[in-house]
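The structure under discussion appears below in the form of structure tokens.
The sequence lines fix the lettering, A, B, ..., with proteins before strands; numbering per chain opens at 1. For the numbers below, each heavy atom of this structure counts, side chains included, while hydrogens, waters and symmetry mates do not. None of these values were measured; they are calculated from a predicted model.
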Amino acid sequence: MAPHHFSACMNIVIFDLETTGLSPSENEIIQIAGIRMIGGRIVEEESFATFVKPESRIPRFITDYTGISNAHVRNAPQPANALLSFSRFVGDATLIAHNGNRFDMPFIRENCIRHRLPVRTVGFVDSMSFSRKLWGGRCGHGLDAIMNRLQLSDHGARRHDARGDVKILALAVRQMWEQLSPNFQHCPVALGDGVIPFNPY
DNA sequence: GCTAGGCAGGAACCCCTCCTCCCCT
């Protein structure tokens with residue numbers, strides 16, 4: 001089997017979560033979306049998206065922010081099932097999320113604990129690292145700032161819906177990666193670890 | 001009309017610790 005850091009750059013899943021708030025220990029996941037990128041090519045037809053049914057109601061300000069209402073999640077899978085589906089989609093890919101070191105990965109980890117899901121380790125890269133490496137520490141590294149610098153439009157995607165954000169993030173990652181390592185032969189920023197549910201199938 | 005938790009980078013300083021800001025919903 002190829003070393004982890006090699007396959008890491010070939011098979012990537014860029015993903016995003018929408019939640020009921022900012023605290024991984026207090027708040028709940030309401031949407032997961034992912035899109036695959038192989039060798040720098042975004043594979044649109046290999047996309048993943050699901051709403052997730054939270055135990056509590058979605059606060060009004062979250063519905064205003066994300067466009068996701070209680071009606072959207074009424075018949076959605078429970079968190080454990082949604083996370084297991086996501087894990088199957090991920091396979092042995094390396095994950096990328098924006099500010100995922102502090103937000104998305106802790107949310108997944110907390111949910112695995114909360115719902116007693118066994119976990120497995122996957123490679124993880126925070127896409128903010130690409131921006132810091134390219135543009136340094138003085139400018140902003142939020143997705144909006146990166147979109148502006150790359151002159152990326154939202155391509156009609158709805159911002160703050162995971163399906164829209166993940167498409168935009170994939171384009172941004174592809175461009176930033178290309179500027180740092182044009183052949184996509186290696187990952188130009190630090191590769192870390194994360195956990196997602198272990199899926200027995 | 002509204003909220004909250006924490007990593008990483010930089011400074012100051014010699015190797016860690018502290019601080020502040022950022023960014024995600």
Pairwise [atom1] distance for [N] and [M], with rounding to whole Å:
N: B/dC22; M: B/dC7; atom1: C1'; value: 10 Å
N: B/dA12; M: B/dC21; atom1: P; value: 14 Å
N: B/dT17; M: B/dC13; atom1: P; value: 15 Å
N: B/dA4; M: B/dC23; atom1: C1'; value: 13 Å
N: B/dC14; M: B/dC18; atom1: C1'; value: 15 Å
N: B/dG10; M: B/dC16; atom1: C1'; value: 14 Å
N: B/dC19; M: B/dG6; atom1: C1'; value: 14 Å
N: B/dC24; M: B/dG1; atom1: P; value: 26 Å

Tell me the interatomic distance from [X], atom [atom1], to [N], atom [atom2], rounded to whole angstroms.
X: A/Asp126; N: B/dG6; atom1: CG; atom2: P; result: 17 Å
X: A/Met128; N: B/dA8; atom1: CE; atom2: P; result: 9 Å
X: A/Asp64; N: B/dG1; atom1: CG; atom2: P; result: 12 Å
X: A/Glu110; N: B/dG5; atom1: CD; atom2: P; result: 12 Å
X: A/Ile62; N: B/dA4; atom1: CD1; atom2: P; result: 13 Å
X: A/Arg57; N: B/dC2; atom1: CZ; atom2: P; result: 21 Å
X: A/Phe107; N: B/dG5; atom1: CZ; atom2: C1'; result: 10 Å
X: A/Ile96; N: B/dC24; atom1: CD1; atom2: P; result: 16 Å

Could you tell me whether [X] contacts a base, only the sugar-phosphate backbone, or nothing, with contacts defined as non-hydrogen atoms closer than 4.0 Å?
X: A/Asp16; answer: sugar-phosphate
X: A/Thr66; answer: sugar-phosphate
X: A/Gly100; answer: nothing
X: A/Gly142; answer: sugar-phosphate
X: A/Leu143; answer: sugar-phosphate

### Message
Taking the six-membered ring for Trp, are A/Phe48 and A/Phe15 closer than 6.0 Å centroid to centroid?
### Response
no

### Query
If we call it a pair only when both distances are under 3.5 Å in a Watson-Crick or G-U wobble match, what pairs with B/dC24?
B/dG5

### Query
So which nucleotide does B/dC13 pair with, by the Watson-Crick or G-U wobble rule with both distances under 3.5 Å?
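Matched B/dC13 with nothing under the 3.5 Å cut-off.
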
### Task
Between B/dC2, B/dA8, B/dG5, spot the one nearest the side chain of A/Phe103, thanks.
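The nucleotide sitting nearest to the side chain is B/dG5.
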
### Task
Apply the test side chain to side chain donor-acceptor pair (under 3.5 Å) to residues A/Asp92 and A/Asn11: give CA-CA distance (whole Å), side-chain angles for both, the deciding distance (0.1 Å), then the verdict.
CA-CA 8 Å; A/Asp92 63 358; A/Asn11 188 6; 3.2 Å; yes

### Task
For A/Arg159 and A/Asp144, run side chain to side chain contact (heavy atoms under 4.5 Å, CB included): C-alpha distance rounded to whole Å, both residues' side-chain angles, the deciding distance at 0.1 Å, then the answer.
CA-CA 10 Å; A/Arg159 286 300 317 277; A/Asp144 286 318; 2.6 Å; yes

### Message
Check this for me: does any side-chain nitrogen of one of A/Lys167 and A/Asp154 sit under 4.0 Å from a carboxylate oxygen of the other?
### Response
no

### Query
side chain to side chain contact (heavy atoms under 4.5 Å, CB included) between A/Ile32 and A/Val52: does it pass, once the steps are laid out?
CA-CA 7 Å; A/Ile32 308 171; A/Val52 184; 4.0 Å; yes

### Message
Heavy-atom nearest nucleotide on DNA chain B for A/Asn101 versus A/Asp165: which residue maps closer to 5'?
### Response
A/Asn101

### Query
When you match A/Leu17 and A/Leu22 each to their closest nucleotide on DNA chain B, which lands nearer the 5' end?
A/Leu22

### Query
What are the two closest non-hydrogen atoms of A/Pro188 and A/Phe130, and how far apart are they?
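Nearest heavy atoms, A/Pro188 then A/Phe130: CG-CE2, 3.7 Å.
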
### Query
Would you say B/dC23 has OP1 or OP2 under 4.0 Å from some side-chain N or O of A/His98?
no

### Query
So which of A/Thr50, A/Asp161, A/Asp165 actually passes side chain to side chain donor-acceptor pair (under 3.5 Å) with A/Gln31?
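Among A/Thr50, A/Asp161, A/Asp165, the one meeting side chain to side chain donor-acceptor pair (under 3.5 Å) with A/Gln31 is A/Asp161.
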
### Task
Check if the side chain of A/Arg102 and the base of B/dC22 share a donor-acceptor pair of N or O atoms closer than 3.5 Å.
yes

### Task
Test for a donor-acceptor pair under 3.5 Å between the base of B/dC23 and the side chain of A/Asn99, counting only N and O atoms.
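Result: at least one qualifying N/O pair found.
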
